[in-house]
Amino acid sequence: MSLADTHSHFLDLADLADGELRRLLDAARVRKTARAGKPKGTVDDDAPLAGHLLAMIFEKPSTRTRLSFDMGMRQLGGQTVILNQTDMQLGRGESIADTAEVISRFADIAMLRTGPHETLGELAAHVHIPVINGLTAYSHPCQIIADLMTFEEHKGTLAGQKLAWLGDGNNVALSFVHAAAQVDFELALATPEAFSIAPDEIDAARAKGAKITLCETAEEAAKDAAALMTDCWLSMSDDPTEAEARAKAFTPYQVTQSLMALGDDPIFLHCLPAYRDSEVTAEVIDGPRSVVFDEAENRAHAQKAIMLHCLGMLDMGA
Ligand code: CP
Ligand code: NVA
């Protein structure tokens, strides 16, 4: 399977066919509703992935992605194995190609969290099973399904709503740009020029119909927004020696109560982990408009939809 043939992989939202993101959001919601109130370890009634094994490879740390894929796969009736790079021969120089062949013999579906997007591409090119992007330095597509799902739970339909991104034009922000080309909402981006999203990404999304506004200030982005969203100022793949310069550049984009007051009764979204009083004040993230823990929980419901999509079972009932 080549990287170009992304039919069953889940590498980026930009690869999805028309309507697929909507179907993923609907499936995540339906499955969440169907198992409401059950203990978390209970398998869904239909157990659609019984007999399937998910292999997760982590080359970077994770709390939510690890928990949500593990719990999600178990709820679908399947099983999981977690591989940390430091415990694998991959960490001692075994090739990605050989690792891909071996994983394909043992698992039915794989997930990779890594730094370079090229590593994900190489794995996807060599496996014989679907691969899911569990975050790279370039993008974080799984996150955005949980985020949009959470938005719809709290604010209703996305159409006609303005969602504001403040701060770093990073992997999460880029996946929002990709999403804006798939479902109908306005994405207002306020990022410092040095940390903005590549213009060709914005152009490509706009060419597919995305409504993206590039704002000069955080205030302009926040005005009348239904959600304010941000992320940490130093991502896992960023150079830690840049921390101070980044903090200086991003301080005007900190999500504060006064920024929230400019919105239209906005919710606050953050993929987590969060750093209080850096990208967001404690008052906002711990306040009544913050839905970050619903967002974290929804990662599991989103992952379930993604795995079913990869295995061609998305439209099966819950
Ligand atoms: N939001 C997110 O991906 O969290 P983790 O890094 O904990 O997986
Ligand atoms: N932008 C962050 C997201 C963490 C979930 C990072 O890449 O570290």
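Just so you know, ligand 1 is whichever comes first in the structure, and atom 1 is the first atom listed for that ligand. Atoms considered below: every heavy atom in the structure, side chains included; atoms not considered: hydrogens, waters and symmetry mates.
Ranking protein heavy atoms by distance to atom 4 (O) of ligand 1, first place goes to R64 NE, 2.9 Å. Nearest to atom 2 (C) of ligand 1 among the protein's heavy atoms is R299 NH1, 3.2 Å. The protein atom (non-hydrogen) at minimum distance from atom 7 (O) of ligand 2 is N171 ND2, 2.8 Å. The protein heavy-atom contact nearest to atom 8 (O) of ligand 2 is M236 N, 2.8 Å. The closest protein non-hydrogen atom to atom 7 (O) of ligand 1 is T63 N, 2.7 Å. For atom 6 (O) of ligand 1, the nearest non-hydrogen atom of the protein is R113 NH1, 2.7 Å.
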M111 vs Q303, test: side chain to side chain contact (heavy atoms under 4.5 Å, CB included). Steps then yes/no.
CA-CA 10 Å; M111 188 232 70; Q303 319 299 32; over 6 Å; no
Evaluate the side chain to side chain contact (heavy atoms under 4.5 Å, CB included) criterion for residues I96 and E118: first the C-alpha distance (whole Å), next the side-chain angles of each, then the deciding distance (0.1 Å), finally the verdict.
CA-CA 11 Å; I96 293 170; E118 296 70 26; over 6 Å; no
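Residue H140 places no N or O, backbone or side chain, under 3.5 Å from any N or O of ligand 2. Ligand 1 has a nitrogen or oxygen under 3.5 angstrom from a nitrogen or oxygen of H140. Looking at L135 next to ligand 2, no N or O pair under 3.5 Å apart turns up.
At a threshold of 4.5 Å between side-chain heavy atoms, the hydrophobic network of Ile, Leu, Val, Met, Phe, Trp and Tyr places L24 and L49 in one connected group.
Counting heavy atoms under 4.0 Å from ligand 1, residue L272 touches it through the backbone alone. The residue D168 has no part lying near ligand 2, judged by heavy-atom distances below 4.0 Å.
Which parts of ligand 1 touch Q143 is read off a 4.0 Å heavy-atom cut-off, strictly below it: atoms 1 (N), 2 (C), 3 (O). Heavy-atom contacts of L272 reach the following atoms of ligand 2: 5 (C) (cutoff under 4.0 Å). For ligand 2, the atoms sitting less than 4.0 Å from at least one non-hydrogen atom of D231 are 1 (N), 2 (C), 3 (C), numbered in the order shown with element in parentheses. Counting the atoms of ligand 1 from 1 in the order shown, those under 4.0 Å from a heavy atom of C271 are 1 (N).
Classified by interplanar angle (parallel below 30°, tilted 30° to 60°, perpendicular above 60°), the ring pair F250/F195 is tilted. In this structure, Y138 and H178 have tilted ring planes: the angle between them lies in the 30° to 60° band.
Using a 4.0 Å cut-off between a side-chain N of Lys or Arg and a carboxylate O of Asp or Glu, K223 and E186 do not qualify as a salt bridge. The existence of a salt bridge linking D44 and R35 is confirmed by a sub-4.0 Å separation between a basic side-chain nitrogen and an acidic carboxylate oxygen. Using a 4.0 Å cut-off between charged side-chain N and carboxylate O, R29 and D26 make a salt bridge. No salt bridge links D264 with K155; every basic N to acidic carboxylate O contact stays at or beyond 4.0 Å.
Counting non-hydrogen atoms of other residues, nucleotides and ligands closer than 6.0 Å to CD of Q79 gives a total of 12 or fewer.
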